[in-house]
Amino acid sequence: MASTLSAQNQTDGLIAVARTHIAAHQFDQAETVLNNALETAGYMMDSVHVYIWRAILGHMRGSDSLAHGNFRAALQLYP
């Protein structure tokens with residue numbers, strides 16, 4: 001159970017770091033961190049949260065197609 005909690009905390013921590021990068025308009029760094037978070041997500045809902053933040057990042061970058069694709073991925077995992 002400890003390893004499961006650790007994976008969840010790791011994903012939450014990576015999302016927090018990515019949010020800081022997004023707020024600072026450091027979009028490339030945010031993308032790298034979110035990609036790492038998606039690769040290490042221990043739960044389906046962790047993946048959903050990462051996809052939502054990737055959608056927000058896509059929107060911040062001015063790419064509606066990236067935002068749409070990531071929101072769609074989140075909804076496919078958890079409608």
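Just so you know, these numbers use all the heavy atoms, side chains as well, and skip hydrogens, waters and symmetry mates.
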Output, in order, the C-alpha distance, side-chain angles, deciding distance and verdict of ring-ring contact (aromatic ring centres under 6.0 Å, His included) for F27 and H25. CA-CA 5 Å; F27 300 139; H25 295 267; 5.3 Å; yes
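- For D64, the salt bridge (Lys or Arg N to Asp or Glu O under 4.0 Å) criterion is met by no residue, not counting sequence neighbours.
- Looking at heavy atoms from C-beta onward, L38 lies in side-chain contact with R54 at the 4.5 angstrom threshold.
- A pairwise comparison of heavy atoms in L66 and G58 identifies CB-CA, 4.0 Å as the closest pair.
- In the hydrophobic clustering of this structure, V48 groups with I56; members are Ile, Leu, Val, Met, Phe, Trp, Tyr whose side-chain heavy atoms approach within less than 4.5 Å, directly or through other members.
- Between R61 and D28, the closest side-chain pair of non-hydrogen atoms falls below 4.5 Å.
- For the pair H59 (side chain) and A55 (backbone), a donor-acceptor distance under 3.5 Å is absent.
- Both M44 and I15 belong to a common hydrophobic cluster when Ile, Leu, Val, Met, Phe, Trp and Tyr are linked at side-chain heavy-atom distances under 4.5 angstrom.
- The same ILVMFWY cluster, assembled from side-chain heavy atoms under 4.5 Å apart, contains both F71 and L77.
- In terms of heavy-atom proximity, I22 sits nearest to A30 at CG1-CB, 3.6 Å.
- Looking at heavy atoms from C-beta onward, V33 lies in side-chain contact with H21 at the 4.5 angstrom threshold.
- Around the CZ atom of R19, the shell of radius 6.0 Å holds no more than 12 heavy atoms that belong to other residues, nucleotides or ligands.
- Residues D46 and A41 approach most closely at CB-CB, 3.7 Å, considering heavy atoms.
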Evaluate L14 against L34 for side-chain contact (heavy atoms from CB on, under 4.5 Å), listing each step before the verdict. CA-CA 7 Å; L14 290 171; L34 288 172; over 6 Å; no
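- No continuous path of hydrophobic side-chain contacts links Y43 to I52 [ILVMFWY only; heavy atoms under 4.5 Å].
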Dump the intermediate steps for side-chain contact (heavy atoms from CB on, under 4.5 Å) on H49 and T11, then the final yes or no. CA-CA 9 Å; H49 291 149; T11 302; over 6 Å; no
